Amino acid sequence: MDNLHIFLGATVADAATRPLHWVYDPKKLKNYIKGKKEIAFLKKNKSPFYSIKTGKVSGYNDIGQVMFKTLIQTKKKSEILKVFKRNIIINFGPGSAYWRNLKIRKKYKKIKWKKPLNGPWIHQNILETIKNIKSKRTVTGGTKVNESDGYCAALPYFLFDKSEKDIKKVIRSVANSKKNETYALAKFKIIDLASNGDKNPVKTFVN
């Protein structure tokens, strides 16, 4: 994986911005960063949904970490998706911190939301993916939301193998919709342009 620094950069960026994860209110966001020279790695969590120690990554990068570990573990290319799905269950499924917090979250729905949950937050796409893996579906990705899970899962794979056909399979193993696939592929094309020295990869891609 010659371009490992790209995934490393994505990992650091995710951890750096994680304390501001899912702050949807622009007024609150402006207030949180007002007067700060540095907003990366905020010591105090500002996410209204969940809180983890600053420096740890969100569930988005964590799905990329699962793929990265899968690539290290797997010698045969034909086995990558099979091992990846198994590792998703281990990392996010029953017995994991993500799964334990899901149970707590369900209790929260019955009361007024007062503060962020302690610990990681499992995403809708991953919940659906786990269910579909257990149901032995051929394409296991979630279909209810359009989020970055498919792109994040496929990023390490893209750095390992740029076969668009295989990248699409990875994306849809976690996020099974045309929109998820299209946006992920667009991001990969922009990354590819940047890694090849294009000074304005977004403009080049748009053109």
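Predicted, not measured: the structure shown is a model, and the values here were computed from it. Sequence positions, counted from 1, serve as the residue numbers for this chain.
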Between Ser47 and Arg18, the two heavy atoms sitting closest are CB-NH1, 3.7 Å
Sorted by chain and number, sequence neighbours left out, side chain to side chain donor-acceptor pair (under 3.5 Å) with Asp192 holds for Lys162
Applying side chain to side chain donor-acceptor pair (under 3.5 Å) to Asp14 and not counting sequence neighbours gives Ser58
Query - side-chain contact (heavy atoms from CB on, under 4.5 Å) between Val66 and Ile90, worked out - result: CA-CA 9 Å; Val66 172; Ile90 294 169; over 6 Å; no
- [ ] May I ask you to test the Ser195-Ile6 pair for a side-chain heavy-atom distance under 4.5 Å?
- [x] yes
Using the rule given for side-chain contact (heavy atoms from CB on, under 4.5 Å), can you reason through Leu102 versus Trp99, listing the C-alpha separation, both sets of side-chain angles and the distance that settles it, and then say yes or no?
CA-CA 5 Å; Leu102 175 63; Trp99 203 257; 4.2 Å; yes
Nearest heavy-atom contact between Gly55 and Ala15 is O-CB, 3.5 Å
Hits for side chain to side chain donor-acceptor pair (under 3.5 Å) against Glu79, two or more places apart or cross-chain, chain-then-number order -> none
| task | May I ask you to test the Leu155-Phe68 pair for a side-chain heavy-atom distance under 4.5 Å? | result | no
| field | Residues Lys56 and Asp62 bridged, charged N to O under 4.0 Å | value | no
Any ion pair linking Lys189 and Glu164 (charged N to carboxylate O, less than 4.0 Å)? yes
Minimal heavy-atom distance between Asn87 and Gln73, with the atoms involved, is ND2-OE1, 3.0 Å
For this session: May I ask you to decide if Val174's main-chain N or O and Thr129's side chain share a donor-acceptor pair within less than 3.5 Å?
Result: yes
Check: residues 176-188 side-chain donor-acceptor pairs under 3.5 Å, at least two apart:
residue, atom, partner, partner atom, Å
Asn176, OD1, Arg172, NH1, 2.7
Ser177, OG, Asn146, OD1, 3.0
Ser177, OG, Asn180, N, 3.1
Ser177, OG, Asn180, ND2, 2.8
Lys178, NZ, Glu181, OE2, 3.3
Asn180, OD1, Glu147, N, 3.2
Asn180, ND2, Val145, O, 3.3
Asn180, ND2, Asn146, OD1, 3.3
Glu181, OE1, Arg172, NE, 2.7
Glu181, OE1, Arg172, NH2, 3.4
Thr182, OG1, Lys178, O, 2.8

Residues Phe84, Tyr157; criterion side-chain contact (heavy atoms from CB on, under 4.5 Å); working and verdict
CA-CA 11 Å; Phe84 177 55; Tyr157 189 90; over 6 Å; no
Could you tell me whether Ile39 atom CD1 has more than 12 heavy atoms of other residues or ligands within 6.0 Å of it? no
In terms of heavy-atom contacts, Val170 and Ser173 come closest through O-OG, 2.5 Å
The reported gap from OG1 in Thr74 to CZ in Arg86 (rounded to nearest 0.5 angstrom) is 7.5 Å
Note: Ile52 and Pro120 closest approach over all heavy atoms is CG2-N, 3.6 Å
In short, Thr54 meets Leu42 closest at the heavy-atom pair OG1-O, 2.7 Å
One should read off an interatomic distance between Lys28 NZ and Lys46 NZ, to the nearest 0.5 angstrom, of 11.0 Å
Arg105 charged N/C atom sitting above Phe49 aromatic ring, 6.0 Å / 45°
no
Apply the test side-chain contact (heavy atoms from CB on, under 4.5 Å) to residues His123 and Ile63: give CA-CA distance (whole Å), side-chain angles for both, the deciding distance (0.1 Å), then the verdict.
CA-CA 10 Å; His123 300 169; Ile63 191 68; over 6 Å; no
Do the side chain of Lys169 and the main chain of Lys165 share a donor and acceptor less than 3.5 angstrom apart? no
Side chains of His21 and Tyr60: donor-acceptor distance under 3.5 Å anywhere?
no
One should read off an interatomic distance between Ile191 CD1 and Leu159 CG, to the nearest 0.5 angstrom, of 7.0 Å
Original post:
How about Trp121 and Tyr98: are their ring centroids closer than 6.0 Å?
Top reply: no
One should read off an interatomic distance between Ile80 CD1 and Lys85 NZ, to the nearest 0.5 angstrom, of 13.0 Å
Those residues at least two apart in sequence (or on a different chain) that pass side chain to side chain donor-acceptor pair (under 3.5 Å) with Asn61 are Thr11, Gln65
Next on the checklist: Side chains of Ile171 and Tyr151, heavy atoms from C-beta outward: is any pair under 4.5 Å?
Outcome noted: no
Residues pairing under salt bridge (charged side-chain N to carboxylate O under 4.0 Å, His left out) where one sits in residues 193-207, two or more places apart or in two chains, turn out to be none
request  = Treating Ile, Leu, Val, Met, Phe, Trp and Tyr as nodes and any side-chain heavy-atom pair under 4.5 angstrom as an edge, say whether Met67 and Val57 lie in one connected cluster.
outcome  = no
*Just by distance, do the side chain of Asn132 and the backbone of Glu128 share a donor-acceptor pair under 3.5 Å?*
yes
